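Positions are given from 1 along the sequence. Since the structure is predicted, the reported quantities are computational estimates derived from the model, not experimental observations. Hydrogens, waters and symmetry mates play no part in the numbers below; they use all other heavy atoms, side chains included.
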Amino acid sequence: MAPSAAQRIVIENCAIATVDADDTEYASGYLVLAGNRIESVGAGKAPEGLEDVVRRIDATGHLVTPGLVNTHHHFYQWITRGLATDHNLFNWLVALYPTWARIDEQMTYTAAQGSLGMMARGGVTTAMDHHYVFPRGSGDLSGSIIRAAAEMGVRFTLARGSMDRSEKDGGLPPDFAVETLEGALAATEETVKKHHDASFDAMTQVAVAPCSPFSVSTELLRQGAELARRLGVRLHTHGSETVEEEKFCHELFGMGPTDYFESTGWLGEDVWMAHCVHMNDSDIAAFARTKTGVAHCPSSNARLAAGIARVPDMLRAGVPVGLGVDGTASNESGELHTELRNALLINRLGAHREAALDARQALRLGTYGGAQVLGRAGQIGSLEPGKLADLVLWKMDTLAHASIADPVTALVFGAAAPVTASFVNGRQIVENGRLLHVEEDAIARSTREEAQRLARIAAQG
């Protein structure tokens with residue numbers, strides 16, 4: 001529950017990076033939270049005479065930023081980490097689909113707890129999960145994921161995925177791991193109607209999210225887009241991740257991924273796609289023209305040897321770009337705050353070299369950029385009066401960062417910074433790097449047990 005609107009929390013004596021339109025920063029400033037909203041932010045001390053102040057935080061030595069926003073993930077993969085570590089994307093999928101096709105509700109719930117917990121401890125306040133594996137008879141997988149997010153207190157978007165192109169149709173998933181076209185559309189609509197909250201301060205939203213061109217029929221893409229727009233929700237999928245995908249689209253559809261997506265109604269300001277590594281100038285121009293968003297997943301792209309996305313070119317063209325962890329079977333750390341650094345460093349290996357990204361651009365990708373991509377830039381992603389109170393206090397006066405004068409540079413270029421406090425909707429969910437509303441050690445035990453159970457089932461299968 002969000003705190004009462006009458007209750008105020010005052011945070012003082014901290015450096016602040018607001019990530020607003022002007023990149024306003026304060027070397028020493030304050031924030032006042034009133035209920036679940038940011039009431040004021042500025043330089044110096046908080047105003048005198050504030051009423052109903054229930055807590056004051058002396059944040060000396062800290063940098064306060066908007067909470068991090070994760071724009072692409074696959075929570076269920078938490079219990080298949082460390083496998084197929086030397087594979088490219090297609091071979092990795094072929095190796096792991098037979099195991100993934102045996103997940104059930106308890107596994108999915110436990111994996112969601114692990115994925116959410118690791119992100120929340122590292123400053124994520126808004127998470128998303130692209131869940132697309134629904135084995136027959138596996139239980140209420142969507143409900144279990146949403147329950148895990150609610151228990152942890154993280155703001156959440158479930159991208160209800162689907163697959164209907166199995167091995168017999170030339171796709172990658174096993175036949176028993178996919179849904180029918182009709183079944184996928186009906187289940188997706190039911191999930192939206194049951195769980196999506198369109199309100200300003202929504203804690204749970206749902207997007208329509210067929211998996212990828214090589215696991216989804218053209219009709220599922222087309223009808224999925226029509227369904228999303230009829231229900232007024234966003235659309236998400238994987239796009240242009242590898243050279244193999246580009247070849248697949250040319251062979252099967254006679255065009256590249258971006259043109260194929262546009263032909264099925266999958267470009268627009270209500271759409272965001274994961275990866276977008278292999279994009280030519282025409283593709284980037286199409287995304288910019290339609291305001292289609294991108295979830296940039298630098299660590300996963302490197303882990304699967306997919307390539308370097310042209311993020312600097314996308315940003316210069318006006319494409320909305322956020323950061324994503326991606327599934328933890330291709331990014332075993334499961335953390336988003338490390339992606340700030342990895343996005344900056346990996347993009348500097350590309351054509352733009354040292355001019356590719358700077359520290360503040362990286363921070364914007366992980367905060368406001370993510371809010372744009374999820375369609376929530378009016379509510380989260382920057383520290384401004386009237387926005388939701390989703391923010392992080394990073395401790396910057398320890399051995400790891402104290403000698404770096406600029407705190408934003410320290411956060412992005414330096415080691416992963418400790419999180420002293422993280423607030424979502426005005427409610428604290430992390431204190432001194434520990435989750436407040438769930439038991440971390442119990443989650444660690446249950447994730448290990450469920451990973452072992454899945455491995456046994458897969459071996460028997």
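- The existence of a salt bridge linking Arg445 and Glu449 is excluded, since no basic side-chain nitrogen approaches an acidic carboxylate oxygen closer than 4.0 Å.
- Residues Asp58 and Thr60 have side chains that bring a donor and an acceptor to within less than 3.5 angstrom of each other.
- With a 6.0 Å cutoff to the six-membered ring centre and a 45° limit on the axis angle, Arg81 counts as a cation-pi contact of Trp78.
- Side chain to side chain, Trp92 and Ser330 fail the donor-acceptor criterion of an N or O pair below 3.5 Å.
- Defined by atom type and a distance below 3.5 Å, a donor-acceptor pair is present between the side-chain atoms of His352 and Asp313.
- Between the side chains of Asp283 and His278, not a single donor N or O lies within less than 3.5 Å of an accepting N or O.
- For residues 368-381, the side-chain hydrogen bond (donor to acceptor under 3.5 Å, both in side chains) pairs, not counting sequence neighbours, are Arg376-Gln379.
- A side-chain donor from one of Asn425 and Arg155 sits under 3.5 Å from a side-chain acceptor of the other.
- Side chains of Glu339 and Ser299: a donor on one and an acceptor on the other come within 3.5 Å.
- In the model, Thr420 has no side-chain atom that pairs as donor or acceptor with a side-chain atom of Trp394 under 3.5 Å.
- Side-chain N/O atoms of Asp20 and Thr24 include a donor and acceptor closer than 3.5 Å.
- A parallel orientation is assigned to the rings of His238 and His275, their planes being inclined by less than 30° (bins at 30° and 60°).
- Side-chain contact annotation: Lys395 with Asn432, donor-acceptor N/O pair under 3.5 Å absent.
- Note that CZ of Arg353 is 14.5 Å distant from CG of Asn347, once rounded to the nearest 0.5 Å.
- Using cut-offs of 30° and 60° for the angle between ring planes, the Trp100 and Tyr97 rings count as perpendicular.
- Side-chain atoms of Ser212 and Ser215 include a donor-acceptor pair closer than 3.5 Å.
- No close placement of the Phe75 and His130 rings is indicated, their centers lying 6.0 Å or farther apart.
- Asp358 has no carboxylate O lying under 4.0 Å from a charged side-chain N of Arg348, or vice versa, which leaves the two without a salt bridge.
- Ring centroid separation for the pair His73 and His131 does not come in under the 6.0 Å cut-off.
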